[in-house]
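First up is the structure itself, then whatever we jot down about it.
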Amino acid sequence: MAESQPELHAMRHSLAHIMATAITRQWPEVRLGVGPVVENGFYYDVDLGDKQLSEEDFAAIEAEMKKVIGENQPFERFTKPVDEAIAWAQEAHQPYKEELLNDLKRSGTTVAKELDAEELGIAAEGDSKVAEVSFYKNGDFTDLCRGPHVESTGKVGAFKLMRISGAYWRGKEGNPQMQRVYGVAFATEKDLRTYLNMLEEAKKRDHRKLGQELDLFVFSDLVGSGLPLFTPRGTVLRNELTKFAESLRAVSGFQRVSIPHITKTDLYKVSGHWDKFGEELFLVKSQETSDAFALKPMNCPHHNQIYAARPRSYRDLPIKYFETTTVYRDEKTGELGGLSRVRSISQDDSHAYCRPEQVGDVVGDLVGDVQTLYSTLGMSLRARLSFRDSSDKYLGEPQLWDEAQSTIRSLAEKNSLDYFEAEGEAAFYGPKIDFMATDALGREHQVATIQLDFVQPERFSLEYVAEDGSTKRPVMVHCALLGSIERFLSVYIEHTAGKFPVWVAPEQIRLITVNQEDETVGFARKIEEQAIALGLRIVVDNDNESVGKKIRNAELMKVPYTVVIGQKEIETGELVPRIRKDIEVNENHDSHTFDEFLKTVANEAKSRVSKTSL
RNA sequence: GCCGCUUUAGCUCAGCUGGUUAGAGCAUCAGUUUUGUAAACUGAGGGUCGUCGGUUCGAAUCCGACAAGCGGCUCCA
């Protein structure tokens with residue numbers, strides 16, 4: 001979905017100016033922040049003092065924007081010496097612009113990230129880094145701007161204002177809060193409609209909505225925000241996905257371990273997490289001892305203690321532990337939402353301890369597992385190789401880093417990953433591979449990750465005895481295939497729109513009885529028993545409702561196979577299954593005996609085929 | 001945590017500018033019906049209108065605080 005055409009970029013940028021023009025016409029006292037292009041559109045940060053914009057103002061702003069567009073004002077570029085520009089900003093009562101200009105003058109950039117925190121917004125003194133700055137003018141509206149723009153306001157394609165939100169000036173808490181008005185924009189009316197339709201579709205698939213409709217999970221005010229409770233159906237979903245992930249682990253030689261969900265806080269003082277993530281810890285108080293406890297926010301330190309419990313030989317390595325377990329993080333309330341961001345995070349977590357020369361094999365296996373998992377789920381993958389840059393924030397021996405990074409790079413080649421390298425994205429403790437999965441709507445989500453860790457083995461003094469009798473440090477490899485299972489479910493529910501393939505479907509077959517007579521219900525029960533014996537998830541619907549109504553209910557619950565049972569089926573022992581539309585059927589299901597039908601479905605489930613077209 | 005919006009029955013929603021016993025559809029329950037591939041019929045139960053406080057003769061309706069949800073910001077080992 002990346003839009004990279006320079007023209008479209010210019011259109012969006014110009015629309016930001018046009019919106020600022022429109023807002024300035026209506027509220028001349030407006031103080032403007034920045035108005036950049038973002039994915040799919042643009043925004044402008046505005047400060048209207050006491051006046052709070054709301055979405056009700058959109059109609060008026062859009063109308064005014066259309067007027068500006070209709071006026072087809074040319075965008076004129078001109079430059080001013082930087083000091084004149086500052087004077088202009090002061091005169092125009094644009095303090096935010098003035099601040100930007102001062103940054104430009106002093107540092108040659110306005111990018112907050114590139115400026116030291118204490119430098120931000122300080123008036124410039126002495127020599128200027130830039131001599132001149134550029135402006136764009138359309139009609140009466142003039143704005144400090146690097147450009148580029150379209151020729152004139154008439155040439156901006158199609159747009160729509162979308163929403164409004166609070167945003168700190170320059171993203172810094174403590175700075176004045178501005179209002180950010182977002183719009184989307186595309187080259188043509190048609191592209192805009194396509195995009196809006198995609199949003200509609202995404203809304204229909206929203207996992208929170210489907211979670212409610214398909215009875216997958218709930219929240220309770222009494223339990224608390226960010227703590228999802230999984231219903232029987234939702235639990236099936238979770239379990240099938242984790243079972244699959246776990247089965248891949250077993251093949252790669254991981255051993256299952258099991259740890260408590262709390263620990264003395266001392267553990268995190270040793271690991272170093274206490275200082276870095278202390279605020280995210282849920283603290284637990286003992287009424288018995290004076291020790292301070294915490295709910296675990298990650299599993300590695302616990303797993304490390306299993307490794308450290310006895311001397312390890314180079315011959316034992318790699319030692320690989322895995323576990324599907326839940327960690328708890330006291331996320332800020334404003335960050336929580338559906339299953340995407342929760343406070344109880346289940347992970348299919350693993351830690352492998354290996355000799356440096358084994359890193360390639362260990363990571364290679366994991367990369368293979370990630371590929372198998374996501375191709376089975378019908379999602380394409382992209383990998384980001386997160387390496388270090390030249391700064392000194394990274395711990396561990398540089399030589400280890402270099403070797404590991406080149407190992408990772410060659411693995412990416414060998415596994416023909418669709419990858420790119422990102423310098424400076426590594427964790428301070430080691431390089432990593434982050435996987436992004438693309439869903440059915442073309443949205444990309446960060447999912448699995450494989451991280452090398454040179455630091456924790458050091459902190460916990462993890463060792464093994466080498467061939468020559470010396471003591472050495474193992475390298476640790478963290479990996480979660482699904483990542484956060486809750487977040488993964490949110491992605492997967494939206495990817496499939498709730499039409500789960502047979503192997504994950506909470507209910508695979510629904511039997512609908514035509515009436516409630518003993519003979520009919522008895523027959524259905526017998527089929528149910530057979531199905532259960534084959535490991536299938538089946539439900540008999542013998543409610544006192546019309547067949548049409550019961551079909552409808554099964555359809556709404558997106559059950560893959562529905563079978564109506566009446567006199568005909570009892571007499572012939574054959575059935576005509578009703579098959580959910582997205583399921584591609586190779587075999588001829590038309591005239592099956594119940595026995596054959598159940599076996600076919602059981603095989604489909606067992607082989608984890610996803611014969612669905614999403 | 002910050003800004004804005006929202007919160008009425010299990011679900012989806014109505015309830016005009018504060019004024020008598022707060023409504024609907026679906027769901028639930030009961031009865032009738034014994035049903036053939038996307039909604040049978042009749043009836044009943046169910047809400048201290050998110051919570052607490054305030055204004056008022058009177059609050060679902062106005063104000064405040066808190067909580068939860070939503071959209072963003074920020075953060076994300």
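Computed over heavy atoms, backbone and side chain alike; hydrogens, waters and symmetry mates excluded. Below, chains carry the letters A, B, ... as their sequence lines are ordered, and counting in each starts from 1.
Electrostatic pairing of A/E528 and A/R525 counts as a salt bridge here, judged by a charged N lying under 4.0 Å from a carboxylate O.
Looking at residues two or more places apart in sequence or on another chain, you find a ring pair (Phe, Tyr, Trp, His ring centres under 6.0 Å) between A/Y353 and A/Y307, A/Y321. Not counting sequence neighbours, the partners of A/R473 by the side-chain contact (heavy atoms from CB on, under 4.5 Å) test are A/P457, A/E458, A/S461, A/E463. Evaluation of the side-chain contact (heavy atoms from CB on, under 4.5 Å) rule for A/V491 yields A/M379, A/H445 as partners, not counting sequence neighbours. Remark: A/I259 engages A/K296, A/N299, A/H302, A/H303, A/I306, A/E323 in a side-chain contact (heavy atoms from CB on, under 4.5 Å) (not counting sequence neighbours). For A/K568, there are no side-chain contact (heavy atoms from CB on, under 4.5 Å) partners, not counting sequence neighbours.
Residue A/S225 has a polar side-chain atom (N or O) positioned under 4.0 Å from OP1 or OP2 of B/G69. For B/G71, one of the phosphate oxygens OP1 or OP2 lies less than 4.0 angstrom from a side-chain nitrogen or oxygen of A/R208. Under 4.0 angstrom from either OP1 or OP2 of B/G4 there lies no side-chain N or O belonging to A/R180.
Among residues at least two apart or in separate chains, salt bridge (Lys or Arg N to Asp or Glu O under 4.0 Å) pairs with a member in residues 207-231 of chain A are A/D206-A/R208, A/K209-A/E213. Each side chain to side chain donor-acceptor pair (under 3.5 Å) pair with one or both residues in residues 538-549 of chain A, not counting sequence neighbours, would appear here, but there are none.
Residue order along RNA chain B, read from the 5' end via each residue's closest nucleotide, puts A/T562 first among A/T562 and A/F428.
In secondary-structure terms, RNA chain B builds stems of at least 3 consecutive Watson-Crick or G-U pairs, each pair having both distances under 3.5 Å, at B:1-7 with B:67-73, B:10-13 with B:23-26, B:28-32 with B:40-44, B:50-54 with B:62-66.
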Listing time: all N or O pairs from protein to nucleotides 33-36 of chain B that are below 3.5 Å?
unit_1: B/U33; atom_1: N3; unit_2: A/N544; atom_2: OD1; d: 3.0
unit_1: B/U33; atom_1: N3; unit_2: A/N544; atom_2: ND2; d: 3.0
unit_1: B/U33; atom_1: O4; unit_2: A/N544; atom_2: ND2; d: 2.4
unit_1: B/U34; atom_1: O2'; unit_2: A/E517; atom_2: OE2; d: 3.0
unit_1: B/U34; atom_1: O2; unit_2: A/Q516; atom_2: N; d: 3.0
unit_1: B/U35; atom_1: O4; unit_2: A/N544; atom_2: OD1; d: 2.4
unit_1: B/G36; atom_1: O6; unit_2: A/Q567; atom_2: N; d: 2.6
unit_1: B/G36; atom_1: O6; unit_2: A/K568; atom_2: N; d: 3.0
unit_1: B/G36; atom_1: N1; unit_2: A/E569; atom_2: OE1; d: 2.8
unit_1: B/G36; atom_1: N2; unit_2: A/E569; atom_2: OE1; d: 3.1
unit_1: B/G36; atom_1: N2; unit_2: A/E569; atom_2: OE2; d: 2.5

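Nucleic acid contact for A/G272: none, since no nucleic acid atom lies under 4.0 Å from a heavy atom of the residue.
Checked against B/A38, B/A39, B/A77, the side chain of A/I551 finds its nearest nucleotide in B/A38.
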